[in-house]
Amino acid sequence: MPRPSLALDLDRIALREIRLPLIEPFRISSGVVTERRILLLELRDADGLEMWAECVAGEQPNYSPETIDTAWYAITTWIAPRVLGRPFDGPDAVRPELERDFRGHSMAKAAVEMGCWALAAERAGMPLARFLGGTQTAILTGISLGIQAAPAALATRALAAKAAGYRKIKLKIKPGADVEYVAAVREAVGPEVALMADANSAYALADADHLARLDAFGLTMLEQPLGREDLVQHAALQRRIATPICLDETITDVDRARDMIALGSGRIVNIKPGRVGGFASAIAIHDACQSAGVPVWCGGMLESGVGRAYNVALASLPNFTLPGDLSPSARYWERDVVTPEWTMDAEGLVAVPLERPGLGVTVDVDRIDDLTTRREVLAAPRSLAATAPEPGRADR
Ligand code: OSB
Ligand code: MG
């Protein structure tokens, strides 16, 4: 049988916004989310094959400069015109096209680029995880707990997470909600549980002595304590604390990861494919870290079950050795937008779907229709000539 062609030719991109309320508000040092506004994409190729993808940008520009609204604008204005009706030899050719004289908008680019990888995997008849080079069959899973009103409330949630089997518990911290909170959780869960803290850039290097107090709690890592773009001050902080630093916000591409390693700004990387511009970039970071002996794990952005499929596939690569923020659907939503929903077993493992080609979950289109608040359809110029009244945009 001839090897299936990996070539890609996108014919249509439909954007949708859905609103999905979180079961409980999620608070980090820079803001709170109670309802996710989620941008979903439906890509269609010239043969009519369809694929869902998710853009992880949030509503507010507090974690990243991007938001769902800037991503919508970037996709419709600059990204879609670079890919629609433009054949690619394979999904790895998409990133160079999206980076040429085009800065930023990584989450918007990632949504389209990752959708292309999934479409190519489906065309090749392979599960996305294997198409990306993943080798693991189940992923160690952690939970990220938002900032609570008091240490006892956080300890209660951490105890429930331990009982559920999570293999890592991440505590969001900020000045005024840090040492006491971590101490209360460590006291509650005991010495064996893998605990970590994530500051989302809430501290300055002048807080080094204060942050060194966290060394007493045996944290697996301290995530992004300092500036969102900083590498130099993180290196100075790492020399003053024993807890390994993990970078999230700062690592936007493989060059930043290499710089982190060269400068000693951290010892672990949180890879979120949305933050780094998609799978080609995420895999390059994974490989650079692997060569340097730096472990990685897959972070989360409160994705729906669609985005989760992409993260789980990526996390099956071999250097994802630490538990990911890949909590099951029920941790976030009353009901997810995919079937089956994402689940975790009592050992804290999420199974990598390997039974069928592509994403491995079915998107519940009726549910998405019910949740949709906005929709726009972009068509390749050729189909446009045949079907659409107005250049560049078409309504279904
Ligand atoms: O810093 O990892 C982060 C969510 C929104 C913005 C930033 C972060 C997070 C999380 C969520 O920690 C983890 C998850 O999706 O479960
Ligand atoms: Mg983080």
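Numbering of ligands and ligand atoms starts at 1, following listing order. The first residue in the sequence is number 1, and the count goes up from there. In what follows, every heavy atom counts, from backbone to side chain, and hydrogens, waters and symmetry copies are set aside.
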cation_pi([X], [Y]) dist<6.0 Å, angle<=45:
{"X": "Arg36", "Y": "Trp333", "result": "no"}
{"X": "Lys168", "Y": "Trp297", "result": "yes"}
{"X": "Lys174", "Y": "Tyr203", "result": "no"}

Can you tell me which portion of [X] lies within the under-4.0 Å heavy-atom range of ligand 1? Options are side chain, backbone, both, or neither.
{"X": "Glu249", "value": "neither"}
{"X": "Gln224", "value": "neither"}
{"X": "Arg331", "value": "neither"}
{"X": "Asp248", "value": "side chain"}
{"X": "Asp198", "value": "side chain"}

Over 12 non-hydrogen atoms of neighbours within 6.0 angstrom of CD in Glu187: no
Test item: side-chain donor near acceptor, Lys272 and Tyr63, under 3.5 Å: yes
Donor-acceptor pair between Asn200 and Ser29 side chains, under 3.5 angstrom: no
Sub-3.5 Å N/O-N/O distance, Tyr332 and ligand 1: yes
Polar contact flag for Asn200 and ligand 1 (N/O pairs, less than 3.5 Å): yes
Among all protein heavy atoms in this structure, tell me which lies nearest to [atom], with the distance rounded to 0.1 Å.
{"atom": "atom 12 (O) of ligand 1", "result": "Ser144 OG, 3.0 Å"}
{"atom": "atom 9 (C) of ligand 1", "result": "Gly300 O, 3.6 Å"}
{"atom": "atom 4 (C) of ligand 1", "result": "Phe26 CE2, 3.6 Å"}
{"atom": "atom 15 (O) of ligand 1", "result": "Leu302 N, 2.9 Å"}

Residue of the set Asp69, Thr373, Thr67 for which side-chain hydrogen bond (donor to acceptor under 3.5 Å, both in side chains) holds with Arg37: Asp69
Tell me which N, O or S atom of [X] sits nearest to the Mg ion (ligand 2).
{"X": "Asp248", "result": "OD2"}
{"X": "Asp198", "result": "OD2"}
{"X": "Glu223", "result": "OE2"}

From the candidates Lys272, Met301, Glu223, the one that places a heavy atom nearest atom 3 (C) of ligand 1: Lys272
Rounded distance [0.5 Å steps], CE in Met51 versus SG in Cys116: 10.5 Å
Tyr73 and Trp78 aromatic ring geometry - parallel, tilted or perpendicular at 30°/60° bounds: perpendicular
Check: Tyr310 ring centre within less than 6.0 Å of Trp117 ring centre: no
